[in-house]
Amino acid sequence: MKFMKLGCRPDAFHTDGNDVRFLTTELASDIIISVGDVKFYLHKFPLLSKCGRLQDLIVLAEEENDGEIRLPGMPGGAAAFEICAKFCYGMTVTLNACNVVAARCAAAYLDMSESVEKGNLIFKLDVFLSSSVLRSWKDSIVLLQTTKALLPWSEDLNLVGRCVDSIASKVCIDISMVEWSYTYNWKKLPPENGAWRTQAAPPDWWVEDLCDLDMELFERVIAAVKAKGTTAAPVIGEALRSYTYRRVSGFAKGVIQLADVEKNRSLVEAIIWLLPAETGSVSSSFLLRLLRAACVLGCEEEGRKEMIKKVARQLDGASVSDLLIPSPEGEKTLYDVDLVRSILEEFVMINGGTLSLPGRISTVGKLVDGYLTEISRDPNLPLCKFLDLAEMVPADARTVGDGLYRAIDMFLKEHPGLSKSEKKKLCGVMDSRKLSPEAREHAVQNERLPLRVVVRVLFFAAGGLSPEKTRGYYGSSVSAATTNTSEDWDCVPTVAERSTRSVAGGSESSGGGVDRAVGAAVLTPKMILSKIWSSRGGHLGRATSGSDTSESAGSATMEEPKLTPSRNTRHSVS
């Protein structure tokens with residue numbers, strides 16, 4: 001730490017108790033100056049020669065026959081006044097980054113300017129600040145920290161502004177010019193052979209040091225750094241991320257502390273508006289954590305909306321665990337599904353609901369399906385909220401439907417009381433054509449799925465049953481069964497309907513060739529599944545004995561498709 005010594009005479013100040021300061025000199029004191037609870041017994045002449053304010057106050061005190069001068073509102077209190085008094089007496093005073101701001105404010109209060117005497121204290125302090133303290137990285141930070149206790153004097157004297165500009169300028173210098181001696185972080189480097197002295201500083205070398213600042217000062221420094229326009233957005237984002245983890249109670253653990261709500265709320269709101277506008281300047285995970293904190297702490301709605309927009313712009317970088325934001329207090333559901341819906345709506349709006357960015361859309365589709373699987377474990381999750389989220393993903397975003405099938409299966413497992421119509425709506429959002437062979441094999445064994453869904457899966461799994469080939473038989477393509485309307489469920493006939501149509505098959509087609517071909521293919525689920533398995537060398541006869549929707553007690557165990565290795569339940573992918 002830089003320092004400066006003023007004066008050469010020995011220190012003659014002594015203390016009598018906690019509230020009396022006096023000098024051991026041959027001359028008796030002729031003036032009493034009160035600063036707060038402390039009384040200074042001093043002499044007029046040394047003080048009058050350098051303090052313009054005391055000149056006026058002493059004259060006023062003599063006119064009122066009062067030998068005591070009171071200095072209310074002295075910045076820095078008795079300690080700062082003592083520095084000024086010692087300077088007046090020519091006694092040795094040591095100044096550094098810890099006390100120079102207090103001395104400078106006190107000197108301004110006492111009017112120790114050049115107009116009173118050349119080479120006065122204000123001049124000397126300003127030279128020390130400019131030539132030494134503000135040129136040091138560490139001293140500049142300490143200096144800025146001391147200004148807060150001396151407001152509004154430090155602000156009016158532009159000491160705060162000078163500190164902020166000094167720090168911001170050092171942050172923005174070329175990395176090649178940064179020496180590790182500038183920062184506290186050199187202690188983290190390996191000390192062997194002084195290697196840290198030659199190691200280049202990283203772009204964020206300054207981040208950890210600034211985390212020591214209070215929010216008001218940190219905010220001003222970051223704003224100044226951004227205004228200079230030379231620091232990359234990700235580096236600024238890293239500074240904000242580090243500060244948030246350091247300062248917001250419980251943020252690192254994901255459990256925001258409510259003991260000091262006002263403080264944490266102000267911190268989060270300030271961080272939100274300091275975030276760089278550039279997408280990707282901070283991670284999606286951090287943005288979602290910040291949004292979660294904003295919701296828990298009750299931040300302003302405008303700030304929450306801003307966070308939703310930022311999250312939506314890089315939603316493809318998020319994970320399912322990031323989206324599992326707990327519901328507000330009083331809600332029945334475990335997770336805040338409405339908040340995720342708002343994020344997804346913003347994402348769709350930003351991308352125009354198109355596949356202008358296919359990779360991102362597809363990634364978000366998988367993310368939503370994974371999220372649906374997790375929230376489906378909540379027995380209090382309403383079906384309508386599940387369907388809203390599932391239907392918001394553009395159809396083309398799901399190139400493979402396994403994720404959505406897994407979510408539907410989990411919902412059926414955790415909500416066994418669904419009615420037949422509710423199951424229709426739930427399964428209606430799934431496109432059976434997009435299931436992988438493994439998922440199809442699992443679906444046809446899944447007792448939780450409605451029989452019509454199983455039949456539909458079988459149609460698309462069977463080799464010759466393409467939607468085009470079934471169009472003439474049903475009057476419309478089977479692909480219509482995937483358009484998510486309740487009427488479409490009736491396009492796949494029941495077993496009884498297929499039997500009736502088979503009897504009348506000869507009269508329904510003039511040629512009969514197509515009908516017979518299709519009729520031969522439109523068999524019971526067991527027969528179709530047997531055909532599929534036989535083509536793969538399987539043994540479906542044993543696996544499908546019994547009813548259409550469940551296996552008999554004596555049936556052989558079919559190998560579980562390994563969609564979720566962590567589970568070993570035969571009829572579930574959960």
Side-chain angles (χ1 to χ4, degrees), residues 308 312 315 318 320 323-328 331-349 351 353 361-435 439 442-443 446 448-457 460 479-492 563 572-574:
I308 289 175
L315 183 58
V320 173
L323 294 177
L324 295 177
I325 301 173
S327 288
E331 294 288 335
K332 293 183 179 180
T333 56
L334 292 176
Y335 303 109
D336 196 340
V337 181
D338 293 334
L339 181 61
V340 175
R341 175 184 170 82
S342 299
I343 295 171
L344 193 57
E345 285 177 342
E346 185 68 26
F347 175 83
V348 173
M349 184 180 69
N351 292 279
I361 298 282
S362 177
T363 301
V364 171
K366 293 178 181 178
L367 175 66
V368 173
D369 290 346
Y371 178 73
L372 288 171
T373 301
E374 291 301 319
I375 64 175
S376 293
R377 302 176 191 274
D378 178 9
N380 293 322
L381 177 69
L383 175 62
C384 60
K385 291 192 175 184
F386 181 99
L387 295 176
D388 284 346
L389 280 182
E391 293 171 350
M392 286 186 68
V393 178
D396 293 55
R398 290 189 177 102
T399 56
V400 178
D402 291 13
L404 183 57
Y405 167 64
R406 187 177 290 110
I408 290 173
D409 184 50
M410 178 60 67
F411 196 94
L412 289 170
K413 176 182 177 181
E414 299 297 339
H415 300 76
L418 291 179
S419 65
K420 182 178 179 180
S421 62
E422 288 175 330
K423 288 183 179 180
K424 285 183 179 181
K425 292 179 181 178
L426 176 63
C427 296
V429 299
M430 180 177 65
D431 188 343
S432 302
R433 293 170 298 181
K434 293 184 178 181
L435 295 180
H442 186 280
N446 194 340
R448 286 189 284 272
L449 292 177
L451 178 60
R452 292 179 182 273
V453 177
V454 175
V455 172
R456 179 189 299 170
V457 173
F460 293 121
S479 62
T482 61
T483 56
N484 302 342
T485 60
S486 58
E487 292 82 357
D488 293 333
W489 284 82
D490 295 329
C491 72
V492 181
L563 295 181
S572 173
V573 292
S574 57

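Scope of the values below: all heavy atoms of this structure, side chains included, with no hydrogens, waters or symmetry mates.
Here the CG atom belonging to Leu315 is positioned 7.0 Å from the CD1 atom belonging to Ile343, to the nearest 0.5 angstrom. Atom NZ of Lys425 sits about 6.0 Å away from atom OG of Ser421, to the nearest 0.5 Å. Here CG of Asp409 is found 4.5 Å from CZ of Arg448. Values are rounded to the nearest 0.5 Å. Taken to the nearest 0.5 Å, the CG atom of Leu381 stands 9.0 Å off from the CG atom of Leu334. Rounding to the nearest 0.5 Å gives a distance of 5.0 Å between CD1 of Ile408 and CE of Met430. To the nearest 0.5 Å, the span separating CD1 on Ile375 from CG on Asn380 amounts to 12.5 Å.
Contact check for Tyr405 versus His442: side-chain heavy atoms found under the 4.5 Å cut-off. Here the side chains of Val368 and Val364 are in contact, with some heavy-atom distance below 4.5 Å.
When all heavy atoms of Cys427 and Arg456 are compared, the pair lying nearest together is O-NH1, 4.5 Å. The two atoms that bring Val429 and Leu404 nearest to each other are O-CD2, 3.3 Å, heavy atoms only. Taking both residues in full, the closest heavy atoms of Thr373 and Arg406 are given as OG1-C, 4.0 Å, listed atom of the first, atom of the second, then distance. Of all non-hydrogen atoms in Pro450 and Lys423, the two that sit nearest each other are CG-CB, 4.0 Å. Across all their heavy atoms, Leu435 and Asp402 have their closest contact at CA-OD1, 3.6 Å. When all heavy atoms of Ala443 and Val454 are compared, the pair lying nearest together is O-CG2, 3.9 Å.
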What do the steps show when you test Leu451 against Val455 for side-chain contact (heavy atoms from CB on, under 4.5 Å), and what is the final call? CA-CA 6 Å; Leu451 178 60; Val455 172; 4.3 Å; yes

Could you go step by step and tell me if Lys434 and Thr399 meet the side-chain contact (heavy atoms from CB on, under 4.5 Å) rule? CA-CA 7 Å; Lys434 293 184 178 181; Thr399 56; over 6 Å; no

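In summary, Arg398 and Asp369 engage in a salt bridge, as defined by a charged side-chain N under 4.0 Å from a carboxylate O. Between Lys385 and Asp338 there is a salt bridge, with a side-chain nitrogen of the basic residue lying less than 4.0 Å from a carboxylate oxygen of the acidic one.
Between the side chain of Glu331 and the backbone N or O of Pro328, no donor-acceptor pair lies under 3.5 Å.
Between Phe411 and Phe386, the angle of the ring planes lies from 30° to 60°, which puts this pair in the tilted group.
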